[in-house]
Amino acid sequence: MSSSTAPTITAWAAVSPFGIGRKVFRDGLLADAPAAPGEPAGPDAGAFTVPGFDAREVLGKKGTRSMDRVTALAAATVGELLRTTPGLADEAGPHPRRAIVLGTTTGSAQSMMDFTRSSLTEARPYLVDPARFPNTVMNCAAGACAIRYQLKGPNATIGGGRAAGLHALNYARRLHRTGRAGSVLCGGAEEYTAARAWLQHHARPDGDERAVLGEGCAMVFIEPAGAGGDERPGLAEVLAVEFGVHDDQAGPAEVLAGCVRRALEAADAAPDRVWAVAPGGAAGPLGEGERAGLAQALGGAAPRRVTCAPLIGDTSAAAASFQLVSLLALAESDPAAAGRLALVTAVDPGGTVGCAVLRMLGTGPAA
């Protein structure tokens with residue numbers, strides 16, 4: 001895709017274990033020190049949670065009585081993005097051409113389990129709280145964000161585990177390419193709950209390295225090149241997104257190397273143009289395969305490595321989106337990034353492998 005037609009990221013926001021907002025996330029990333037751990041709600045010794053996050057305190061009382069945690073995290077991040085982005089903060093009324101695409105794994109496992117449990121423990125199976133039923137549906141968070149912020153364009157939720165943020169980014173590119181949306185809010189969200197912790201615990205193979213879980217949401221604002229004018233100069237262009245599947249015949253290293261080569265070819269670029277790479281940093285064999293695949297694809301190139309997982313934990317469905325905004329955050333303070341490429345990679349235990357190639361533009365606010 002040529003630079004002139006590539007969709008452009010002009011803003012981003014994050015609600016992370018560092019706190020709420022771009023500045024605290026960027027400061028935490030630059031400090032290269034892990035966020036303060038929260039109280040564990042499951043079998044693990046610790047977890048990285050958003051400090052002091054309460055839906056009613058952050059979003060207000062209206063519409064939050066029955067809101068679950070992942071929906072609140074997504075709504076808070078979308079609100080932060082719209083509130084702090086020049087040219088968007090003063091807008092009012094519905095936005096018929098503004099879309100939202102949210103990556104997830106299953107939505108909220110805690111909401112599903114709680115609602116199912118109540119149907120078994122109440123005096124009658126139907127004596128459940130109907131206001132909490134929407135939380136059991138995978139697309140609840142994206143739908144709630146669209147309602148709250150009057151986003152009338154396409155509304156999509158894409159399940160994809162660690163690669164969900166890349167799937168969302170690719171879907172946003174398709175909306176842009178086909179003219180279905182004028183702008184897209186795109187990202188991934190994940191909550192930390194006891195239900196998720198226990199599911200992760202039992203799904204982990206025996207002897208597999210145990211990663212500390214994390215939570216949060218990261219979103220980017222994507223629009224056509226130049227659409228933001230002087231208020232929203234571009235931060236990065238999305239040049240290519242590629243996917244593959246690893247299995248018993250083709251391991252994650254081999255598949256990821258192929259994805260990266262195809263993505264760089266689609267971007268008409270050589271490995272030595274890559275300024276930085278943001279791998280998922282998964283624990284165990286998946287992480288080893290990811291590192292090996294990148295080494296195969298990049299050859300002798302030695303780009304900057306940006307890994308946020310050790311700082312905020314395994315954020316699962318939000319991981320690739322946090323990797324993406326980590327690149328944007330660091331590019332703001334690194335003049336070497338301007339005009340060069342960046343890679344985001346993901347390897348999911350379910351078999352999905354993906355990568356995205358961005359061209360960093362070296363513009364935009366540092367705040």
Side-chain angles (χ1 to χ4, degrees), residues 9 11-41 44-55 57-59 69-85 102-103 141 162 164-165 185-193 196-197 211-221 235-236 276 278-283 304-334 337 342 344 346 364-367:
I9 298 172
W12 63 276
V15 173
S16 72
F18 290 127
I20 296 176
R22 288 194 307 268
K23 186 179 186 304
V24 292
F25 182 80
R26 187 179 65 248
D27 290 349
L29 198 65
L30 291 173
D32 196 27
E39 291 295 325
D44 297 326
F48 292 107
T49 59
V50 179
F53 185 83
D54 179 86
E57 291 182 6
V58 175
L59 298 169
R69 192 168 180 85
V70 71
T71 302
L73 289 168
T77 309
V78 171
E80 179 74 10
L81 178 57
L82 296 176
R83 183 182 64 81
T84 60
T85 300
L102 189 66
R162 290 179 181 275
L185 289 99
C186 169
E190 188 67 81
E191 65 181 8
Y192 176 77
T193 60
R196 178 187 166 217
V212 178
L213 298 183
E215 67 170 1
C217 178
M219 302 287 295
V220 296
F221 190 76
L235 303 176
R304 181 175 182 175
R305 296 296 175 109
V306 181
T307 306
C308 58
L311 308 181
I312 61 173
D314 175 6
T315 53
S316 190
S321 297
F322 273 121
Q323 293 159 233
L324 172 56
V325 300
S326 295
L327 290 170
L328 298 175
L330 293 179
E332 292 173 359
S333 58
D334 188 350
V344 178

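Sequential numbering from 1 along the given sequence is applied to the chain's residues.
V58 places none of its side-chain heavy atoms less than 4.5 Å from the side chain of V15. Contact annotation: the side chain of L185 approaches that of L82 to within less than 4.5 Å [non-hydrogen atoms, C-beta and beyond]. Contact check for D314 versus R162: side-chain heavy atoms found under the 4.5 Å cut-off. With contacts defined as side-chain heavy-atom distances shorter than 4.5 Å, the pair L30/L330 qualifies. Two residues are said to be in side-chain contact when any heavy atoms from C-beta on lie closer than 4.5 Å; S316 and R196 meet this criterion. Here the side chains of Q323 and V306 are not in contact, with every heavy-atom distance at 4.5 Å or above.
In this structure, T307 OG1 and L29 CG are separated by 9.5 Å, a value rounded to the nearest 0.5 Å. Expressed to the nearest 0.5 Å, how far CZ of R69 lies from CG of D54 amounts to 8.5 Å. Atom CD of E332 is separated from atom CG of L235 by 6.5 Å, given to the nearest 0.5 angstrom. In this structure, OH on Y192 lies 14.0 Å from OG1 on T315, to the nearest 0.5 angstrom. The distance from atom CG of L311 to atom OG of S326, rounded to the nearest 0.5 Å, is 8.0 Å. Annotation: the span from R26 atom CZ to W12 atom CH2 amounts to 6.5 Å, rounded to 0.5 Å.
Within the structure, every pair that satisfies the salt bridge (charged side-chain N to carboxylate O under 4.0 Å, His left out) test and touches residues 27-37, not counting sequence neighbours, is listed here: K23-D27.
Taking all atoms of both residues into account, the shortest heavy-atom contact from C217 to T77 is CB-OG1, 3.2 Å. Of all heavy-atom pairs between A55 and A72, the closest is CB-CB, 3.6 Å. Summarising the geometry of A33 relative to F18, their closest heavy-atom pair is O-CE2, 3.6 Å, with the distance given to 0.1 Å. Closest non-hydrogen pair, F322 versus S16, comes out as CE2-CB, 3.7 Å. A pairwise comparison of heavy atoms in A75 and L59 identifies CB-CD1, 3.9 Å as the closest pair. Shown here for A197 and L213, the closest heavy-atom pair between the two residues is CA-CD1, 3.8 Å.
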Next item on the list: Take M219 and L102 through the side chain to side chain contact (heavy atoms under 4.5 Å, CB included) test and state the conclusion after the steps.
Entry: CA-CA 9 Å; M219 302 287 295; L102 189 66; 4.0 Å; yes

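In this structure, the side chain of E190 engages the main chain of A317 through a donor-acceptor pair within 3.5 Å.
Side-chain contact of R22 with T84: a donor-acceptor pair under 3.5 Å is present, judged by distance alone.
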